[in-house]
Every structure is written in structure tokens, then in C-alpha cells.
Amino acid sequence: MDAKRKVSIIGTGSYVPEKVLTNQDLEHIVETSDEWIYSRTGMRERHIAADDQAASDLGAEAAKKALEDAGVTADQIDLIIVATLSPDMFFPSTACFVQEKIGAKNAFCFDLGAACSGFLYALDNAKNQIAAGAINTALVIGSEKMSTFVDWEDRGTCILFGDGAGAAVLQAGAEGRGLMNAVMGSDGSLADLLWTPGGGSRNPISHEMIDEKQHYLKMQGREVFKHAVKRMGDTVVQALEKNEISVDDVNCFIPHQANVRIIDAISRRLGVADRMYSNVEKYANTSSAALAIALDEAVKDGTISKGDLVVLTVFGGGFTWGANVLEWGK
Ligand code: ACO
């Protein structure tokens with residue numbers, strides 16, 4: 001569906017909590033080493049939220065920076081979407097808590113669950129609502145406190161994740177093409193390769209469920225790796241075709257920040273290593289926040305400037321995946 005109105009990102013922001021957990025720190029928590037983690041993932045450190053910080057606190061900090069960057073006041077926001085798999089609680093939505101924290105009293109708010117793909121799904125959802133004329137201004141946030149949902153005794157998963165949030169303000173109007181047409185997909189038949197099986201209506205909270213650690217994230221790392229490389233690579237190609245853009249015309253590729261080896265494999269396949277953005281070394285995998293933080297950093301450090309064509313791509317639990325292209329207009 002072609003957009004009726006052009007839509008652009010007019011401001012970005014991100015926030016990571018103060019506490020840094022290095023690979024060396026992890027050597028004291030599980031049997032691992034800096035060398036093992038860095039060589040297999042490209043990660044050096046990650047940020048960990050304080051006990052009194054929930055996903056909405058991280059998201060609200062990122063949101064305030066994005067609003068300031070956009071020059072938009074909180075009461076101008078019509079819609080807040082928070083992409084998260086680590087919400088403050090099952091309900092109300094984390095987006096409602098963010099609304100209250102930033103004073104966006106005119107917004108309607110909901111959370112979007114697409115695991116690590118959530119920020120891209122949310123961007124496209126907000127874009128389409130603006131394009132259709134239903135709303136004018138949206139705040140899209142990816143926010144995660146992954147540290148509460150990983151098993152700190154499982155070295156296969158706990159080393160991979162970090163906490164943080166990123167945000168973008170979207171508005172009608174764009175000097176260039178703005179946010180273009182996304183390609184997204186899902187495959188629920190592979191859900192059990194990456195999931196948190198306990199704590200919901202399928203396997204409710206009980207002493208037994210907790211004793212079995214079913215409330216923590218479980219992952220078949222090798223399988224996830226293969227699917228992530230294939231899906232992100234394929235979807236980028238599809239998104240470029242859909243928007244009639246050649247890979248050579250793209251200035252910057254920003255993939256989900258899950259593992260530098262996944263990112264390198266996609267770079268090799270597309271032949272774009274010189275234009276691939278990564279900050280996984282500093283933050284590890286912050287799930288739905290990862291793309292949002294990377295986009296903000298790429299804008300702020302000058303990697304992306306006005307008129308650049310940028311490709312975003314994601315992969316996550318579900319499985320879910322997607323890619324989008326945008327022309328940066330600021
Ligand atoms: N430190 C030291 N050794 C470890 C660690 C660790 N932290 N974790 C596992 N090992 C050991 C294993 O026990 C195993 O030992 P064994 O051979 O004696 O049994 C050995 O290392 C190899 O384990 P593998 O799991 O096969 O290691 P692999 O090379 O596949 O790397 C990794 C694991 C890094 C998790 C990799 O599979 C990966 O990155 N997968 C993708 C994960 C990912 O990105 N998920 C998120 C994507 S979607 C989203 O963001 C939600």
C-alpha cells in the first residue's frame with residue numbers, strides 16, 4: 001500500500017542505564033571468558049538497569065530526548081507505541097506508563113509484541129496511521145529491561161543481552177521520500193527456538209514453573225543464528241525491490257544488533273560491509289531497543305545525514321522479521 005501522505009522521522013533519542021557489565025564482570029557470574037564472548041558475538045559490555053528502573057523508565061528517558069530533538073512538545077503526540085518483550089507488567093501497557101511519565105495527555109497508547117523486531121513493526125504501524133491521515137504525530141519506542149528475563153546461571157543466554165531504550169518521533173510531511181514501504185514476516189511454527197515459555201496463560205506462574213526456570217528466556221542459539229542471517233538478508237533484498245532502490249544507492253544499513261557475526265554474514269551476502277552500522281560491542285543485544293538505539297547513534301555521530309538512504313532490518317522471536325528503507329530528511 002502506498003502512503004497517502006509522506007511520513008518522516010523528525011527526532012530520535014536513546015537512553016542506557018548507568019551500570020556497565022563487562023565481559024570480565026561476567027567471568028565472575030558464569031563460567032565464561034572475555035575471549036569466548038567477544039570472538040563469538042563481538043560484545044564487550046552491556047548496560048544493566050537499576051532495581052527501581054522498569055522498561056517505562058528507560059523508555060521515558062529516550063522519549064524525552066527524541067521529543068527535544070524533534071522540537072515537539074509532549075501534548076502534540078497523538079500516539080505512543082512501545083515495542084517491548086520486558087514490559088513493566090502484563091497490563092496496563094508500558095506505553096501508558098510512558099505517557100504518564102512524559103505528560104503526553106493527548107496520546108492513545110499501546111504496546112506492540114514482536115520481540116526483537118518490535119521497533120521496526122511499530123515504526124511501520126505508526127507511519128501507516130499518519131499516512132492514512134488518522135493522526136499527525138507519533139512517538140515510537142523500543143525499550144527493554146532484558147536483565148530481569150535472562151537466567152543468570154545460563155551462560156548460553158545471559159551474556160548476550162543488555163538493557164536500554166531508543167525512541168523516534170514521526171510526523172506527516174517529508175522533504176524526500178521519508179519512511180518507505182516495509183516488508184515484514186513471521187513464522188510461528190518456530191516459536192520454541194526462542195521464547196520465554198512460563199508466566200503466561202499457557203504455563204501460569206506456579207512454584208513448579210519457577211523451580212523449572214520456565215520464566216526465563218530460552219534459545220537454541222545455532223538455529224536462531226541461521227534463521228536470522230537468512231531472513232534479514234532476504235528481507236533487505238525484498239524491501240529494496242519493493243521501493244525500487246538499488247543496494248549501491250544505500251548509504252547506511254542498520255541491522256538488529258544481536259551478534260556481530262550475524263551482521264558480518266549479512267554484510268558479506270549483500271556486499272555492503274563498508275556501510276553496515278554496528279554498536280553491539282557497547283550494548284550487547286537490547287532486543288526491541290537495539291535498532292532504535294543504533295538509529296539514534298548513527299544520526300548523532302554523523303553516519304547518517306540529510307538525503308541519505310538508510311535500510312533498517314530486524315529479526316526476533318516468533319519468529320518475526322522485517323526491513324524498511326527511509327530517506328533521512330533532517
Ligand atoms: N562461555 C563459554 N562457553 C560457552 C558459553 C559462554 N558464555 N556459552 C556456551 N558455551 C559453550 C557451550 O556449552 C558449548 O560447549 P560444548 O561444546 O562443550 O557443549 C560451546 O560453547 C559451543 O556452544 P554453542 O551454543 O554451539 O556456541 P555457538 O558457537 O553457536 O555460539 C551463540 C553461541 C553466541 C549464542 C551463537 O549461537 C549465536 O550468536 N546465536 C544467535 C543468538 C542470537 O543472536 N539471538 C538473538 C537473536 S533474536 C533476538 O535478538 C531475540
Side-chain angles (χ1 to χ4, degrees), residues 21-46 55 83-86 112-121 142-166 184-188 190-197 216-233 235 254-267 278-281 283-294 312-323:
L21 188 72
T22 64
N23 292 349
Q24 284 82 6
D25 296 331
L26 281 166
E27 291 174 2
H28 302 290
I29 298 174
V30 285
E31 197 181 328
T32 190
S33 66
D34 174 45
E35 193 280 327
W36 194 97
I37 298 171
Y38 187 69
S39 63
R40 280 177 176 74
T41 69
M43 298 166 188
R44 288 278 188 213
E45 56 190 38
R46 68 282 299 136
T84 186
L85 59 75
S86 50
L112 188 150
C116 301
S117 303
F119 184 72
L120 189 139
Y121 276 43
S143 185
E144 302 285 8
K145 187 177 182 183
M146 296 301 290
S147 57
T148 40
F149 290 92
V150 294
D151 177 358
W152 287 99
E153 292 180 347
D154 175 13
R155 67 179 181 172
T157 53
C158 74
I159 57 135
L160 296 171
F161 295 95
D163 301 335
M184 292 173 287
S186 308
D187 184 354
L190 300 171
D192 62 351
L193 296 178
L194 177 58
W195 67 0
T196 301
Y216 289 133
L217 181 148
K218 316 276 178 199
M219 181 177 68
Q220 306 287 326
R222 291 205 167 191
E223 284 302 307
V224 172
F225 191 104
K226 283 189 283 185
H227 286 280
V229 170
K230 176 160 176 30
R231 288 299 187 189
M232 283 195 275
T235 313
I254 309 183
H256 174 46
Q257 303 290 309
N259 183 322
V260 84
R261 289 193 301 144
I262 293 176
I263 295 172
D264 287 347
I266 300 167
S267 293
S278 174
N279 61 11
V280 72
E281 183 169 349
Y283 305 122
N285 181 350
T286 56
S287 186
S288 68
L291 180 66
I293 295 171
L312 312 175
T313 184
V314 285
F315 180 83
F319 286 147
T320 54
W321 59 86

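Everything quoted here is computed from the prediction, not taken from an experiment. We count ligands from 1, going down the list as the structure has it; atoms in each ligand are counted the same way.
Judged by the shortest distance from any of its heavy atoms, A115 lies outside the 4.0 Å radius around the atoms of ligand 1.
Looking only at heavy atoms of the protein, atom 34 (C) of ligand 1 is closest to T41 CG2, 3.9 Å. Among all protein heavy atoms, the one lying closest to atom 35 (C) of ligand 1 is L160 CD1, 3.9 Å. From the protein, the heavy atom lying nearest to atom 21 (O) of ligand 1 is W36 CZ2, 3.4 Å. Regarding atom 29 (O) of ligand 1, its nearest protein heavy-atom neighbour is R40 NE, 3.4 Å. Nearest to atom 14 (C) of ligand 1 among the protein's heavy atoms is R155 NH2, 4.7 Å. Shortest contact from atom 24 (P) of ligand 1 to any protein heavy atom: R222 NE, 3.9 Å.
Within a 4.0 Å radius of atom 1 (N) of ligand 1, the protein has at least one heavy atom.
Each of the atoms 48 (S) of ligand 1 lies under 4.0 Å from some heavy atom of F315. Remark: ligand 1 atoms within the under-4.0 Å shell around heavy atoms of H256 are 49 (C), 50 (O). Proximity to E31 (heavy-atom distance under 4.0 Å) selects the following atoms of ligand 1: 1 (N), 2 (C).
Checked options N23, D163, T286, N285; the residue passing with R46 is N23 (criterion: side chain to side chain donor-acceptor pair (under 3.5 Å)).
Remark: among candidates G221, S288, A284, the nearest residue to atom 37 (O) of ligand 1 is G221, based on non-hydrogen atoms. Looking at N285, N259, V314, it is N259 that brings a heavy atom closest to atom 38 (C) of ligand 1.
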